[in-house]
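A short write-up of the structure that comes next.
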2 protein chains.
Amino acid sequence: MAVQGDRRTAILRCSADLFARQGVASTTVRQIADEVGVLSGSLYHHFPSKDAIVNEVVTAYLDLLLSRYREVMAVDRTPRERLEQLIAASLRVAESEPSATVVYQNEMSYIRELPQYEAVKAAAAEVQQTWLSVIEDGRADGSFRDDIDPRVFYRFVRDAVWLSVRWYRPEGPYTVERLAADCASIFLDGYAAFDPE
Amino acid sequence: MAVQGDRRTAILRCSADLFARQGVASTTVRQIADEVGVLSGSLYHHFPSKDAIVNEVVTAYLDLLLSRYREVMAVDRTPRERLEQLIAASLRVAESEPSATVVYQNEMSYIRELPQYEAVKAAAAEVQQTWLSVIEDGRADGSFRDDIDPRVFYRFVRDAVWLSVRWYRPEGPYTVERLAADCASIFLDGYAAFDPE
DNA sequence: GTCTATACGCCGATAGAC
DNA sequence: GTCTATCGGCGTATAGAC
């Protein structure tokens with residue numbers, strides 16, 4: 001069982017890497033098997049289909065992300081602090097699971113056709129609701145602007161945060177914590193120079 | 001010739017729509033032919049390969065985008081005004097060519113393997129250079145902040161702008177000009193409420 | 001749990017009639 | 001310029017030996 005668990009994990013990890021690099025549709029079960037070090041037929045002992053592998057990659061990713069979001073929301077903070085924390089939590093998840101993050105960002109049209117899409121949809125809805133509730137709270141207490149639709153602001157932040165997996169490399173001196181701080185500062189304070197007053 | 005030109009255009013338009021909806025790898029030449037209203041063999045009278053269709057969709061898109069950017073840069077304006085104009089020009093191109101925009105945003109790993117990738121690469125470099133020069137000018141004249149890497153700011157703006165094709169629908173009362181204004185205002189002034197002073 | 005061997009369909013692309 | 005017909009290859013998935 002430990003062996004099977006390790007093999008399953010290896011299959012999921014190799015698949016996520018290939019899916020992220022080449023796209024799901026362009027990745028073959030033979031490539032996955034090569035990377036794992038078995039023949040393609042052996043994959044079907046662990047998963048019933050290629051789609052099942054995709055589904056598990058995405059589901060595990062969303063479970064991790066949601067658990068981090070729930071931790072952020074469990075603490076009493078201002079909307080601004082919570083927004084900063086959501087950005088930082090997202091970037092940390094993207095750093096620890098870059099391939100799964102890329103798959104989820106790039107392959108939504110593929111994911112939507114999976115047989116178990118409803119579970120993914122529910123998790124995605126909770127993710128969105130978390131962000132929107134924080135933004136609405138900030139509008140309500142006057143710390144955020146009320147002249148721009150919260151959904152528009154949410155989508156800009158979301159896309160900027162998640163697409164950072166396409167260019168951010170955690171190896172350099174620019175840490176993920178600094179990236180999160182810069183992101184929050186740009187979106188909240190703007191890139192225009194502060195008024196020298 | 002007019003007929004062939006029309007047919008070529010129809011093939012490009014249908015291909016871009018399918019590529020955007022399903023991904024390039026998952027779109028077959030038979031699907032493209034069905035959508036156009038011919039049989040798949042007939043496509044090869046107009047294009048030597050499926051990859052050639054992808055290449056022309058992307059190249060035409062980048063040509064259009066660059067021509068709009070050059071118009072913006074031809075006028076003497078402040079960095080802030082130019083940044084607003086680049087955002088607006090980008091969103092207008094995304095509105096007029098949504099499928100090609102999606103293809104270019106989603107399929108970079110496919111595009112990078114095309115035989116004629118060098119031309120695409122050159123155009124992409126000019127796009128990036130246009131944004132960066134405007135941002136650098138704003139830092140130089142003190143209108144933009146100098147405590148955050150211009151490349152980081154560029155990538156956040158770029159991703160927020162281009163990913164709007166995934167959710168923005170021009171049919172509603174929220175016009176693309178208003179979207180551009182909101183985008184520029186968030187990125188330059190921030191979403192935090194203005195100091196009531 | 002992995003391998004060998006293979007079924008079966010769809011893929012991009014081509015040749016040649018019309 | 002489009003059609004008919006088809007080729008060779010590679011895709012996912014399966015059956016059964018070990």
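In what follows, chains carry the letters A, B, and so on, assigned in the order in which the sequence lines appear, proteins first and then strands, with residues in each chain numbered from 1.
Between A:Gly41 and A:Thr28, the residue anchored nearer the 5' end of DNA chain D, judged by the nucleotide with its closest heavy atom, is A:Thr28. Comparing A:Ser40 and B:Ser26 by the nucleotide of DNA chain C that holds the closest heavy atom to each, the one mapping nearer the 5' end is A:Ser40. Mapping B:Leu39 and A:Val29 onto DNA chain D by nearest heavy atom places B:Leu39 closer to the 5' end of the strand.
Checking C:dT2, D:dT4, C:dA13 against the side-chain heavy atoms of A:Arg7 singles out C:dT2 as nearest. Checked against D:dT14, D:dT2, C:dG12, the side chain of B:Val38 finds its nearest nucleotide in D:dT2.
Between B:Ser42 and D:dG1 there is no side-chain polar atom (N or O) within less than 4.0 angstrom of OP1 or OP2. In this model, the phosphate group of D:dG11 is approached by a side-chain N or O of A:Arg30 to a distance below 4.0 Å at OP1 or OP2. For C:dT2, one of the phosphate oxygens OP1 or OP2 lies less than 4.0 angstrom from a side-chain nitrogen or oxygen of A:His46. Applying the 4.0 Å criterion to OP1 and OP2 of D:dT14, one finds that A:Tyr44 has every side-chain N and O outside that range. Checking the phosphate oxygens (OP1, OP2) of C:dT2, no side-chain nitrogen or oxygen of A:His45 falls inside 4.0 Å.
As a whole-Å value, the separation of A:Asp6 CG from C:dG1 C1' is 13 Å. One atom, CD1 of A:Ile11, and another, P of C:dG1, lie 11 Å apart when rounded to the nearest Å. Between the C1' atom of D:dG11 and the NZ atom of A:Lys50 lies a distance of 8 Å, rounded to the nearest Å. In this structure, B:Leu43 atom CG and D:dT4 atom P are separated by 14 Å, rounded to whole Å. Separating the CG atom of B:Asp51 from the P atom of C:dG12 is a distance of 10 Å, rounded to the nearest angstrom.
In this structure, the separation between CG on A:Leu65 and CD on A:Glu126 is 9.5 Å, given to the nearest 0.5 Å. Atoms CZ and CG, on B:Phe47 and B:Asn55 in that order, are 10.5 Å from each other to the nearest 0.5 Å.
Within the nucleic acid shown, B:Thr27 comes within 4.0 Å of sugar-phosphate atoms alone, with no base atom in reach, counting heavy atoms only.
Using cut-offs of 30° and 60° for the angle between ring planes, the A:Phe144 and B:Tyr191 rings count as tilted.
A salt bridge links A:Arg80 with A:Asp189: the closest approach of a Lys/Arg side-chain nitrogen to an acidic carboxylate oxygen falls below 4.0 angstrom.
Looking at B:Ser143 and B:Asp141, their side chains do bring a donor and an acceptor atom within 3.5 Å of each other.
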